[in-house]
Amino acid sequence: MTSRRRIALISTVFVAIASALVPLHIDAQRSDRAKSLGTKLMCMCGCGQILTQCNHINCPSSAPMLKELDAHVVKGEADDLIIQDFVQEYGEKVLSEPPSKGFNSIAWYIPGVAFVIGLGIVVTLIRLWRQRDVARLATASSAPPVPHSAASELQDVQLERARQQADRDTEE
C-alpha cells in the first residue's frame, strides 16, 4: 500500500470513529414544535428551570427527557398527548404552569386578589391619616387664643426693636 492510501484509510477510520462517538439524535431545539412543547415542561433534576433551558452540565434529567420529547415529536403525536404522557410519567410537577382547573385555579387568582387587598389597605390607611390630620386641624383652630403673658410681650418688643435697628443699619 502506498503512503497516500494509508493516510486516506487512517483518516477515513478516524472520521468514522469520531462520528460514531457523537450521539445521533434529533435535538429538541431544532424543531419549533419541540421547542414550544419543551417550554411547557420543567426539568426534573430539581433545578426549577424549563426543560429546554436547563443549563446544567451533564444534567441527569434534561437529556433523557429531551430525547423522549424528540421521539414523541418524530412520531407525530398530538401536543396534548405528549404533555399527558409526561404528566403520567413524572406527575403534574413536570408542567411549567399549573393547569387552570380545580384546586390549581387558586394559583391563577391569588396574585390578583393579593393586589386588590393590598390596594384596599393602602387606600384605607391614607383615608385614616387624612381624617386624623383634619381632626387635628379642627381642634387646633377651635382652641381659644393663648393670652399674652408679660414675657411674650417683652419678647415681641425686643424683636421689634431688633428689626428697626436692622432696618437702620441697612439703610446707611
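Hydrogens, waters and symmetry mates play no part in the numbers below; they use all other heavy atoms, side chains included.
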When rounded to the nearest 0.5 angstrom, what is the spacing between [atom1] in [X] and [atom2] in [Y]?
{"X": "Glu68", "Y": "Ile82", "atom1": "CD", "atom2": "CD1", "answer": "10.0 Å"}
{"X": "Asp70", "Y": "Leu37", "atom1": "CG", "atom2": "CG", "answer": "10.5 Å"}
{"X": "Lys35", "Y": "Gln53", "atom1": "NZ", "atom2": "CD", "answer": "9.5 Å"}

Do you know which two heavy atoms are closest between [X] and [Y], and how far apart they sit?
{"X": "Lys93", "Y": "Tyr90", "result": "CE-O, 3.4 Å"}
{"X": "Leu51", "Y": "Met65", "result": "CD1-CB, 3.7 Å"}
{"X": "Pro64", "Y": "Ser61", "result": "CD-O, 3.3 Å"}
{"X": "Asp167", "Y": "Thr170", "result": "O-OG1, 2.9 Å"}

Quiz prompt | Common cluster, Ile106/Ile117, ILVMFWY with side-chain heavy-atom separation under 4.5 Å | solution = no

Is any side-chain heavy atom of [X] less than 4.5 Å from a side-chain heavy atom of [Y]?
{"X": "Leu154", "Y": "Gln158", "value": "yes"}
{"X": "Val94", "Y": "Met44", "value": "yes"}
{"X": "Ile50", "Y": "Leu41", "value": "no"}
{"X": "Phe86", "Y": "Leu69", "value": "yes"}
{"X": "Gln155", "Y": "Leu159", "value": "no"}
{"X": "Cys54", "Y": "Cys45", "value": "yes"}

Quiz item: Are Gln165 and Asp169 linked by a side-chain donor-acceptor pair shorter than 3.5 Å?
Solution: yes

Exercise. May I ask you to decide if Met42's main-chain N or O and Gln49's side chain share a donor-acceptor pair within less than 3.5 Å?
Key: no

Quiz item: Do Ser96 side-chain atoms and Thr39 backbone N/O form a donor-acceptor pair below 3.5 Å?
Solution: yes

Practice problem: Applying side chain to side chain contact (heavy atoms under 4.5 Å, CB included), run through Leu95 and Lys40 and close with a yes or a no. | Solution: CA-CA 6 Å; Leu95 298 174; Lys40 294 179 181 179; 5.9 Å; no

Quiz item: Above 12 or not: heavy atoms from other molecules or residues under 6.0 Å from CG of Asp80?
Solution: no

